[in-house]
Amino acid sequence: MTNFSARPRTNRAPIPFDNTYASLPEPFYSRVEPIPVSAPALIKVNADLARSLQIDVDYLTSPAGLEVLAGNRIPDASEPVAMAYAGHQFGNFVPQLGDGRAILLGEVQNQDGERFDIHLKGSGRTPYSRNGDGRAWLGPVLREYVVSEAMAALGVPTTRALAAVTTGESVVREEILPGAILTRIAKGHVRVGTFEYFASRGDYESVHTLADYAIERFYPDCRASDHPYLTLFEQVLQRQARLVAQWMGVGFIHGVMNTDNMSISGETIDYGPCAFMDTYHPLTVFSYIDQMGRYAYANQPHIAKWNLSRLASTLVPLLHEHQDKAIGIAQTALDTFEEKHEAEWTRVFNAKLGLEQIKPGDATLAQALLTQMAKSGADFTLVFRGLASGMEDGANPDFAEIRSMFKDGQALDAWLVKWRARLNEEGCPPGDVHETMCTANPAFIPRNHRIEQMIELARNGDFSLFEDLLTVLSHPFEDQPAFHAYQAPPQPDEVVHTTFCGT
Ligand code: AMP
Ligand code: MG
């Protein structure tokens, strides 16, 4: 482990750190610094994001900034730590995980006083590395950069990418690969697995401290509740119910929804073998390690609830002094998940269908379309965008754009009649429906085959597709004719069937 004060520190504070996690007691983390790399080079700094966090962009893009992003220099007021956590991985409990290849440098605040972690991923071994090398290779770093930025532009809560650098060092996986480090920001890195870490050790004093920290940082209105820890759990549940609905609305499959990858703040976190669906099928799975389909597209709400049940069990001693009463309280809260998720799901899909109100039967209407899409292997993104575009044609749209995507034209027509009747109940002019639908149905998503092509090019030093994807995906709801090709699903020989964790 490197010496805490071994490296130069900057004299001013171009990154205005203001840390809270590092003032928690030591069992929450290990104080450890990133391991320096030999020849770092900048790939990208997310200048707009940096500015919004009151970070000096000139500094970040300077040689000194590069040293920070590579882990070679500890900036002023940074208090680097590797966070401790546990987690259920594919249903099996692992009592000790933690940041095995990541370092929390500290926290900054944006102009509205919202607090964000700055975190290096791929920054070398820590006490939690187990057998890992603590490093990341270029592919997953670029994937997380592009996909997390796309998710943010799609309006889905997510960690974000502040910067990416190459290390000049090789990483050994199945082959020798170029090393890279992602700097990401998050509302916080407290996970369901952080609660499990302490609960599994019977350290309920730390569970208490952690719950107080989570309330203070992510859910301050819980302080006013008569039952703050129950309210905390209910609010986490509400955010997860919404988050998974939002994922489903853009065809996103997280791929590795282990409890250590579920953030208490309600953000999408830890982009590994994640993928956006091209052709719609509810049982779609991409991840190589998910052989049983545990984290399949349509299973995500079920798994979110399962993960929340793990969280609930860690909070039991905080909910009531009598264990049986506490378990009853937790169970009652947990049992609201389906209803809350269904409400969020209906809200998301109603918006996609141009419906402002929510009425009985709406979920069934959306499901009926999805059923036809699954039977036809229709492209998820193109169908919804095509419905939106169709409404531009005024009173009698023929939806020519999507017809060829459906096998059963009669069934599609029957569905269109029902949908248009439901739209008519709201009385919005088709032009308005067109406009609102275009803000709920992206033209562009980070399609897997493009991500793979981007990584392949970047391995050969060509970052042009990485840049193109960032540009087009920063405005995913706008028709961008110059980037028309990025709307298209893969050709048969471009289809990505399997994604890898690729750590
Ligand atoms: P993930 O699959 O990225 O959520 O990681 C699961 C656990 O494995 C976390 O504790 C990571 O820090 C750890 N891990 C993943 N990759 C590496 C690596 N290359 N070196 C050390 N630890 C790792
Ligand atoms: Mg993880």
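Only a predicted model underlies this, so the values are computations on that prediction, with no experimental measurement involved. Order of listing sets the numbers, starting from 1, for every ligand and every atom in it. Only this structure's heavy atoms are used, side chains among them; waters, hydrogens and symmetry mates stay out.
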Q: Consider every N or O of R135 and every N or O of ligand 1, then say whether any pair is closer than 3.5 Å.
A: yes

Q) Relative to ligand 1, is R173 under 4.0 angstrom through side chain, backbone, both or neither, heavy atoms considered? A) side chain

Q. Do Y145 and L470 come close enough that some side-chain heavy atom pair is under 4.5 Å?
A. yes

(Q) With the threshold set at under 4.0 angstrom, would you say R125 reaches ligand 1 through any of its heavy atoms? (A) no

Q) Below 4.0 angstrom, N of the basic side chain to O of the carboxylate: do D335 and K340 qualify? A) no

Q | Contacting atoms of ligand 1, where contact means under 4.0 angstrom from a heavy atom of R130 | A | 7 (C), 8 (O), 10 (O), 13 (C)

Q | Ligand-residue contact atoms, ligand 1 with D270, heavy atoms, under 4.0 Å | A | 4 (O)

(Q) For a 4.5 angstrom cut-off between non-hydrogen side-chain atoms, does T279 reach P489? (A) no

Q. For E338, does the CD atom have more than 12 heavy-atom neighbours from other residues, nucleotides or ligands under 6.0 Å away?
A. yes

(Q) So for ligand 1, is L97 a polar contact partner (N or O within less than 3.5 Å, distance only)? (A) no

Q | Charged N-O contact under 4.0 Å between R459 and E175 | A | yes

Q) Any chance CD of E174 has more than 12 other-residue heavy atoms, nucleotides or ligands included, within less than 6.0 Å? A) no

Q) For ligand 1, which atoms sit closer than 4.0 Å to a heavy atom of G134? A) 18 (C), 19 (N), 20 (N), 21 (C)

Q. Does even one non-hydrogen atom of G272 get within less than 4.0 Å of ligand 1?
A. no

Q) So which heavy atom on V108 is nearest to which on P16, and how close? A) CG1-O, 3.7 Å

Q.
Below 3.5 Å, N or O to N or O, backbone or side chain included: is there any such pair between Q89 and ligand 1?
A. no

Q | NZ/K305: more than 12 non-hydrogen atoms of other groups inside 6.0 Å | A | yes

(Q) Under a 4.0 Å threshold between the charged nitrogen and the carboxylate oxygen, would E107 count as salt-bridged to R217? (A) yes

**Q.** Heavy-atom nearest neighbour of atom 22 (N) of ligand 1 within options G100, P140, A136
**A.** G100

Q) Would a 4.5 Å heavy-atom cut-off, applied to side chains only, mark P40 and N72 as touching? A) yes

Q. Which atoms of ligand 1 have any heavy atom of G98 under 4.0 Å away?
A. 9 (C), 10 (O), 11 (C), 12 (O)

Q.
Only to 10 degrees, please: what angle do the OD2 atom of D270 and the OD1 atom of N261 make about the Mg ion (ligand 2)?
A. 80°

Q. Counting from 1, what ligand 1 atoms have a heavy atom of N261 closer than 4.0 Å?
A. 4 (O)

Q) Any N/O of D133 closer than 3.5 Å to an N/O of ligand 1? A) yes

Q.
With the threshold set at under 4.0 angstrom, would you say V256 reaches ligand 1 through any of its heavy atoms?
A. no

Q. Which bit of Y85 gets closer than 4.0 Å to ligand 1, counting heavy atoms only: side chain, backbone, both or neither?
A. side chain

Q | ligand 1 contact by Q96, heavy-atom criterion under 4.0 angstrom | A | no

Q. Is it true that E467 and K44 have a side-chain N and a carboxylate O under 4.0 angstrom from each other?
A. yes

